[in-house]
Structures are given as structure tokens and as C-alpha cells.
Amino acid sequence: MNQFLQAITNGFSLAAIYALIALGFVIIYKSTQVFNFAQPALLLLGGYWVLYFGTVWGWPFEFAILAGAVFAAVTGIIIERTTLRPMVGKPVFAVAIVTIGLNTVITIIALDLMGVEIRQMGDPWGLKTVLIGGVTIAHRQIAAIVTVIVLVSLLLAFFKYSRMGLAMRAAAFDQEVALTQGVSVRSVFAISWAIAAVLALFGGIFLGSGIGFERSAAVSALKALPVVIVGGLDSITGALVGAVIVAQAEMLTATYQSQFAWLSWLGQGFSSVVPYLVMFIVLLFRPYGLFGTKEVERV
Amino acid sequence: MRYRPGLVADYQSDAAIFKSNVQRFWFSVLLVAVVVLGLGGTIPLIPGLVDFSLQTDLLLIGTTAMFASIGAIGLNIVTGYAGQVSLGHAFFLGIGAFTGALVGGVEVTRQVVDLDTGQFVEKTLVYGFGLDLIIWLPAAGLVAALMGLIVAPLAFRLRGLYLAFVTLGLVFLGEHVFREAKVVTGGVGVGRASGVPSLFGFRFDEPGEVFGVFLAKNQKLFFLGLGLLIVLGIAAKNMARSKVGRALAAVRDRDIAAEMMGIPLARYKMIAFVVSSFYAGVAGGLLFAVIGRVEPLSFNLLLSIEYIAMILIGGVATVSGSIMGAFFITFLPRIVKWLAGFWMFGFISDSPTGGFVNLAQMEQILFGGLIIMFLILEPLGFYGIWIRVRNYWKAWPFSY
């Protein structure tokens, strides 16, 4: 039982990280109709800014995050302005391929800045743990879950109550109509990219806190893709639910596979491909994900 | 018609592979040039000033490029002609490579001590049947095609980005399977010997005399590649200009409209996937026969993106574009190395650690950059550039 609870707890903290990255995908997709494959690269770059300010310049962690977030947001806006703006109106897939190209370029730059060694994030949580009801929870796991709850509430409030949030919802509904109603679609695009980049940065922080930040973070970030697909490309609820489903499936497999001999044929590290399997299964039954909007087709 | 080569008066001449005798002539010239290069000859580009010949290493890259072209044509069938975006090409290449290696490669055994009896027993580390090229090459293609057949039903239900993700997931699943199926793939970091390119006892991977001409190993493989590329390229071209090709184009342009016109979507999407995977399987089997070894981690997302780059840079939904793109991408490392020699590219370092970017990184940056540039500036790729240049000179000196 304890083992089960432990797996579930780990699953939730992993879900928190996936949710952060997935939310970035969904926000960009909803408001700009761009599927952003560059999210893993933004995560690497964002994580790097934080560890740079935190450990190289020795700033307090909170300031490092703040400065990193500013840098990340600016990076996001620059990317949108330089590479995605010329692609407005092009086929969705062509734009997605452009972001793959972007991902390659930014990843190389980020890895070059980071170097090959595992870098400490400079976070206050380290590897400290706390024992609650027989379940060991790391401080950073609690921090991740709390951060996600806070960030998601802030984002939802922003979308619901602020003027800009309303503009973003309008642009997500129909860009041209929003434009004619006086919404600055350009700033909607810019802000979406900025938000996504900052969310990716938080994902990077929690992937790297304690155990250290290195290039494999990009691989974990890529697993947010199945999360988005499972939840549905254009649903924030979907991203959160998908994150929980995918992360729990992954964690439970990681915990229990070694205990059953008849599962050993699946091979080592099987848990890391479980997200993709979950994605296949969900798509077979629901082609638009669990919460995605079904496309209405007109010829 | 004879004096009006540009005039197209019937469907047959519109769908012809060569639209005019001029095209046929230049294609023959190109073919002869490639054969001469393959035989180790020198071609004067500007007589007396610039010569061009393929040295041994360039020949090897050229051979690789030809096999890669076959793979790129395959991807272009499903993504270019049928419009079904596939990021899973690396998976099919891998299936082909490992099937080829299993059927045509050699078995590796090792003496191990049986812990129960204390005797030495023969233990198979990597299986291999060592069959002929005539068997393993079609097998590589067919097994990959079978995988395509299994994946195709997903494509009936999914469209656009969702399909791209499923095929992307395929790459990760494939990577896992390749990593774990050690008796077939040899395992990470070790790999295994690829299929032996030996046709009825004629070894393509060993130097020898053919029709009285001594050919090196690379030259033999070069001609194998050339032959297969011509056969498979023309087959693809023929498919594209037949009923199937027109149906695929209709599916690409608007699948619902195509269905309403009586094109069975499921069947044609399946055909696209199966044929594409067959090409990928053949290409995968041969690509690694050039090097002689296959390693499970080669078939990652990056390889898929490389092939996407080939068809995007070369030209979507064209056979010649696929070939141009494949050659460009395969020669890219060489081009980057050459660029690094100039002073203005001094920031590219040829050591793996020094400088701002090293060769491999610069190559990847160029990849990304070129994909972005071509999509924004020239969506038709090299093929589009070629058409524009051709039309310019056709009408020269008039600009219209």
C-alpha cells in the first residue's frame, strides 16, 4: 500500500512538471494555431537562465527565477516575431515543421551555453525529503505541485478577468473577427509565446532541481507531447488531466514492472515509452483527445 | 508538334515522364556524367579551369546519398503526394535495416560456460541467416511495408497534427524495441553487422573486376545504388502519374472532397503508407550495408527530421526534388566542413569541444535554419528554384 501511495505521489509531482510544459503547448496552440515543437528547447534555455543567475551570478533563487522569466519571455517574443510571424496563414504542418527547425537551433545554443556537465539549479529544496504517512516526499515535489496550482489559478484568473485575457480568448475563438473588434492579435501572439516560454522555464526548474539540470531534460520535455494529445490540443483542462493520466501511467509502470516477472519482456526503461502507448490507445478511441474540440469539416 | 516542344495537346504528353526531347537529352547527359563519375572519371565543368571528380570519400557519400534518396522518395509518397505527415520515417528505416541485417547478416555466437553442467556451450548473441541480397532486400522492404500496413489504420482516423504525433510516438516505441531486442539488433553501443550485399555470390562490398573493369568496393555499391534509384525512382514517378497518384493528390488537397468524389480514403491512405514504408525499408537495409554496421540508436527523431528536411528542401511531391534534397542533406556535413575552412566561418571549430560551435552542431543549426528558410521563402524547395531558373532562361532575354 505504501508503495502504491509513493508511486501515486511521485506521479503527481511528475504530472505537475508535464502540466507546466503541456500548458505552454496548449496556450500557444489555442491563441496562435501554432503547434510549438520548440517547447523542449525553451525549457532548456529557460532552465539555463535560472541556473546562470542563481549559481554563476549568485543571486537569490527568487531573483534568479524573476530575471530568468524576463529573459525567457523576451526570447519567446523574439521567436514569435522573427520566425512565426512570417508563417501566419501557412499550412499548420509547415508551421509545425518550422518550430522543429527552431527547436534544433535553440537546443544547440542552449546546450552550448550549458556545457556537458550536470549543473546545479541553485534551488533551495535540494534533495531534502519529508515523511508524511509513510510516504517520502521531496521538498521539490511539493514545490512543483504548489507552483502548478498557483500558476494555473493565476492563468485561469488572467484569462477570465483581465482585458488581455479576454482578448486572448477572443483571438483563440476567431483571429479575424477578434481583429475587427479591436483586439491586438499581435500582442496576443506575443503574450502567448511569452507565457509559454515562462511555463517552460518553470518546467525546467522542477526537472532540474535537486538532481541537477542537464541535456536529458529535453527528452523529458518531449513527453509533454503525448500529454497534450491525450488531453486534446486545445483544452487547458485536457492538458491538466492528460498530465495526470500520463504521469501516473509512467510512474506506476516504473514502480511495478520490476516486481512482476511476466512483465520483464517489455525491457528496461519501458516506463519512458508508456506515455506514447497511452497516447496511441487514447487516440484510437478518441481521435481528438479526451477534451479536444472535434473539427467541423466543410468541403 | 515537332517544332513546338512546349505545346501540350493531349493528356498523354501532359503526364509523360519527359515532357520534351530536350529533357530526355539532358537526363541522358546527367546519367552518363554520373556513370563516368562512378567509374572514377573526371568531368570538366569549365574546360581547362574547373574539373570535377569523385574521390573515394565523396563516392562513398554519393552512394549513401543514393540510398537516402530512395528513403526520401518513400517519405515523399506519403507526405508529399498523399499529404499524410509522417514523422515516423526513422522507424520504418530501422525496421528495414534490422530485417535486412537479420535475413542477410551473419550470426554471432560465443562460447559461454553453462552454469549447470560446467560445459562450454554455443550461445547465439545476434541472429542472422546470411541469405542473398535478392532475398533480404525485398524482405527488408516487405517487413517495413507490413509495419506500414499495421500503422495505416491510425491514419484513417487521425488527421494533420494528430497523425504527426502518432508517427512521432512510433519513433520512440521503435527506439525502445530496437534497444531491447538485443538478439536481433545487437544492443545499444554495440550494434550488429548489416546485411551483406551479395547478389548470387557477386559481392558489392568487395573490390573486383566487372566486365573487364576493376571496380573498388565503393564503386560497386555506387552502381548498385544508381541502378536501384533509377528503378525505384521511375516506379514512384509512374505511380504518381497513374490513377493511384491522382487519387493521392486528391486526398492531399482535401480528403473529404476526395471521398465525396468516390475515392476510398482508407484504401489510398493505406497504399501511401505501405508503399512509403517499402521504400523506407529498402533504403534502410542498404544505407547501413554501405557502412557495414547497424546501431539501434541511429533510428531516432533526428533521422526522421533529416528525411523531412530532405523532402522540404528538395521539393514536396516531386521525385527529382527528393533526390536533390537527399543529396544536399547527405553532403551537408561535407559542405559544412568545407565552409569551416573560410575565415568568415572561423567560429566553426573542427574539434568536438572547442570554438563556439563544432561541425556537428553547425550542421544541425544549418538543418534547422534551412528548413525554416525554405518553408518561408521557397516552399517548393530546390525543385521550385530549378523551375524558376529554367523558366527564366527559357524566355531569355525577355523577362516574361
Side-chain angles (χ1 to χ4, degrees), chain A residues 29 35 37-38 41 82-84 86-87 90-109 111-112 115-116 219 222-223 225-226 228-229 232-233 265-270 272-280 283-289 292 295 297-299, chain B residues 79 83 85 87 153-154 156-166 168-177 179-182 254-260 301-302 304-305 308-309 312 316 353 355-358 360-377 379:
Chain A
Y29 184 76
F35 197 88
F37 275 105
T82 53
T83 35
L84 274 309
M87 297 300 291
K90 296 271 167 61
V92 183
F93 177 66
V95 186
I97 290 289
V98 165
T99 61
I100 291 186
L102 258 179
N103 186 47
T104 328
V105 176
I106 302 175
T107 306
I108 296 286
I109 295 173
L111 290 182
D112 222 47
V116 282
V219 181
L222 216 52
K223 270 186 258 168
L225 282 179
V228 186
I229 300 296
L233 272 177
W265 64 273
L266 291 170
Q268 260 176 3
F270 178 70
S272 65
V273 292
V274 164
Y276 298 99
L277 273 185
V278 174
M279 174 178 85
F280 280 137
L283 281 187
L284 265 181
F285 296 102
R286 292 189 64 97
Y288 292 93
E295 249 176 84
E297 286 284 347
R298 289 191 191 87
V299 180
Chain B
T79 301
V85 174
L87 289 176
L154 277 170
F156 309 159
R157 284 179 67 78
L158 306 173
R159 312 217 351 253
L161 281 174
Y162 283 95
L163 181 63
F165 292 128
V166 166
L168 180 87
L170 213 58
V171 174
F172 286 98
L173 283 182
E175 231 183 329
H176 178 75
V177 172
R179 210 165 39 211
E180 293 301 320
K182 290 197 182 69
R254 197 85 171 95
D255 51 354
I256 292 181
E259 199 174 17
M260 290 179 88
L301 184 58
L302 204 67
S304 282
I305 295 174
I308 290 276
L312 285 178
V316 177
T353 48
F356 180 65
V357 284
N358 62 36
Q361 288 174 332
M362 190 60 209
E363 203 186 301
Q364 287 195 18
I365 290 184
L366 268 185
F367 251 2
L370 283 170
I371 295 178
I372 297 175
M373 264 176 47
F374 269 94
L375 274 171
I376 293 179
L377 302 176

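A, B, ... follow the sequence lines: proteins, then strands. Residue 1 opens every chain. In what follows, every heavy atom counts, from backbone to side chain, and hydrogens, waters and symmetry copies are set aside.
L366(B) does not touch chain A: none of its heavy atoms, backbone or side chain, sits under 4.5 Å away. Looking at L370(B), there are no atoms closer than 4.5 Å to chain A (heavy atoms on both sides), in backbone or side chain. Using a 4.5 Å cut-off between heavy atoms, Y29(A) contacts chain B through its side chain alone, with no backbone atom that close. The parts of L170(B) that come within reach of chain A are both its backbone and its side chain, each placing non-hydrogen atoms under 4.5 angstrom from that chain.
When the side chain to side chain contact (heavy atoms under 4.5 Å, CB included) test is applied to V166(B), the partners found at least two apart in sequence or on another chain are F280(A), L283(A), L154(B), L158(B). Qualifying side chain to side chain contact (heavy atoms under 4.5 Å, CB included) partners for V177(B), counting only residues two or more places apart in sequence or in other chains: none.
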I100(A)/L87(B) under side-chain contact (heavy atoms from CB on, under 4.5 Å): CA gap, chis, key distance, verdict: CA-CA 11 Å; I100(A) 291 186; L87(B) 289 176; 4.3 Å; yes
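The OH atom of Y276(A) sits 9.0 Å away from atom CD of E175(B), with the distance rounded to the nearest 0.5 Å. Within the model, atoms CD1 of I308(B) and CD1 of I97(A) stand 4.5 Å from one another, a figure rounded to the nearest 0.5 Å.
A distance below 6.0 Å separates the ring centres of F165(B) and F37(A).
The residue among V105(A), I229(A), V228(A), L111(A) with the most heavy atom pairs within less than 4.5 Å of chain B is I229(A). Comparing T83(A), V273(A), N103(A) by how many heavy-atom pairs each has under 4.5 Å with chain B, the most go to V273(A).
Considering only heavy atoms from C-beta on, L168(B) comes within 4.5 Å of L225(A) through its side chain.
The main-chain N or O of L233(A) is found under 3.5 Å from a side-chain atom of Y162(B) such that the two form a donor-acceptor pair.
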